[in-house]
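The structure under discussion appears below in the form of structure tokens.
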Amino acid sequence: MKYGYARVSTDGQSVAAQVEQLAQAGAEKIFKGKISGAITHRRQLKRVLDSLDAGDVLLVTRLDRLARSTRDLLNILADIAEKKAGFRSLGDAWADTTIAHGRLMLTVLAGLAEFERDLIRARTGEGRARAKARGVKLGPKFRLTPHQRKEALARKGRGEESLTQIARSYNVSHSTISRLSI
């Protein structure tokens with residue numbers, strides 16, 4: 001079965017032209033949404049993806065109607081492939097997983113996206129190492145001042161109060177107090 005997905009970003013726009021194109025391309029059921037592409041959870045997109053079975057094809061008029069970024073596109077295409085369904089963009093001839101050339105192009109794009117993620121991860125790691133070398137403390141800020149930590153440790157050491165009681169007096173969780181050490 002061929003499914004269509006039409007989306008516009010604002011209420012002032014109409015999906016009519018997209019619906020017509022998708023119907024002419026053979027879409028038997030068309031899911032329509034009026035929602036920004038920047039929104040991650042799009043109900044109509046989820047519905048069409050959930051409807052796909054092996055051998056089905058999802059049609060869109062252009063790639064930007066389906067995904068907000070390359071990574072988003074690749075994630076959606078992975079979901080479609082996992083269901084053993086196909087994908088085709090009417091306006092982007094190379095984006096057609098129902099033919100060998102389209103699968104090759106999307107595989108190359110997926111490889112480039114994975115390479116980009118690895119580069120970002122490496123640069124982030126190098127930046128963290130440089131920051132640590134400069135003495136920058138990474139992670140969340142301390143919830144307690146040095147004086148409060150010292151005072152809480154002393155109270156904890158006396159054992160007269162529970163961790164929860166000590167924590168309440170500083171407006172922190174009991175696990176913050178339990179992690180304190182000399």
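All residue numbers refer to positions in the sequence shown, counting from 1.
- For the pair Ser169 and Ile166, the tightest heavy-atom approach, listed with the atom from each and the gap, is OG-O, 2.6 Å.
- Val57 is listed as a side-chain neighbour of Leu59, based on a closest heavy-atom distance under 4.5 Å.
- Under the 3.5 Å distance criterion, with hydrogens and angles disregarded, a donor-acceptor pair is assigned to the side chains of Ser175 and Ser173.
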Exercise for the section: Quick one: do Glu116 and Ile120 satisfy side chain to side chain contact (heavy atoms under 4.5 Å, CB included)? Show the steps, please. Expected result: CA-CA 6 Å; Glu116 178 187 6; Ile120 291 169; 4.0 Å; yes

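- Counting only distance, with no hydrogens or angles, the side chain of Thr97 and the backbone of Phe87 share a donor-acceptor pair below 3.5 Å.
- Crowding of Asn171 atom CG: a count of heavy atoms from other residues, nucleotides or ligands under 6.0 Å not exceeding 12.
- Note: Asp72 CG to Asn75 CG = 6.5 Å, rounded to the nearest 0.5 Å.
- Taking the side chain as every heavy atom from C-beta outward, Leu45 and Ile76 approach each other to under 4.5 Å.
- Taking a cutoff of 4.0 Å between a charged side-chain nitrogen and a carboxylate oxygen, Lys83 and Asp79 do not qualify as a salt bridge.
- When all heavy atoms are compared, the tightest approach of Val15 to Ala6 is CB-CB, 4.2 Å.
- Atom CZ of Arg179 sits about 11.5 Å away from atom CG of Leu163, to the nearest 0.5 Å.
- When all heavy atoms of Val8 and Ser14 are compared, the pair lying nearest together is CG1-O, 3.5 Å.
- Taking all atoms of both residues into account, the shortest heavy-atom contact from Ala152 to Leu180 is CB-CD1, 3.7 Å.
- Tyr5 and Gln18 form no side-chain donor-acceptor contact under 3.5 Å, judged by distance and modelled atom types alone.
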Exercise for the section: Please report the C-alpha distance between Arg155 and Glu161 in whole Å, then the side-chain angles of each, then the deciding distance to 0.1 Å, and finally whether the salt bridge (charged side-chain N to carboxylate O under 4.0 Å, His left out) criterion is met. Expected result: CA-CA 7 Å; Arg155 290 170 65 185; Glu161 302 171 85; 2.7 Å; yes

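- Side chains of Gln44 and Arg47: a donor on one and an acceptor on the other come within 3.5 Å.
- Rounding to the nearest 0.5 angstrom, the gap separating the OG atom in Ser181 from the CG atom in Leu153 is 7.0 Å.
- Asp56 places a side-chain N or O within 3.5 Å of a backbone atom of Met1 that can act as its donor or acceptor partner.
- Few gaps surround NZ on Lys156; more than 12 heavy atoms of other groups in view lie less than 6.0 Å from it.
- Rounding to the nearest 0.5 Å gives a distance of 12.5 Å between OH of Tyr3 and CD1 of Ile80.
- Note on Ile99: it does not cluster hydrophobically with Leu90, by side-chain heavy-atom contacts below 4.5 Å among ILVMFWY residues.
- Between the CD atom in Gln148 and the OG1 atom in Thr176 there is a gap of 11.5 Å [rounded to 0.5 Å].
- Under a cut-off of 6.0 angstrom, the local environment of CZ in Arg43 is sparse, with at most 12 non-hydrogen atoms contributed by other residues, nucleotides or ligands.
- The shortest distance between side-chain heavy atoms of Arg7 and Phe31 does not fall below 4.5 Å.
- A continuous path of Ile, Leu, Val, Met, Phe, Trp and Tyr side chains, each step under 4.5 Å between heavy atoms, connects Leu58 with Trp94, placing both in one hydrophobic cluster.
- A donor-acceptor contact shorter than 3.5 Å is absent between the side chain of Asp92 and the backbone of Ser89.
- From Ile177, atom CD1 reaches atom CG of Leu144 across 5.0 Å, with rounding to the nearest 0.5 Å.
- Using modelled atom types and a 3.5 Å distance limit, the side chains of Thr98 and Arg103 yield no donor-acceptor pair.
- In this structure, the side chains of Leu138 and Arg128 come closer than 4.5 Å at one or more pairs of heavy atoms.
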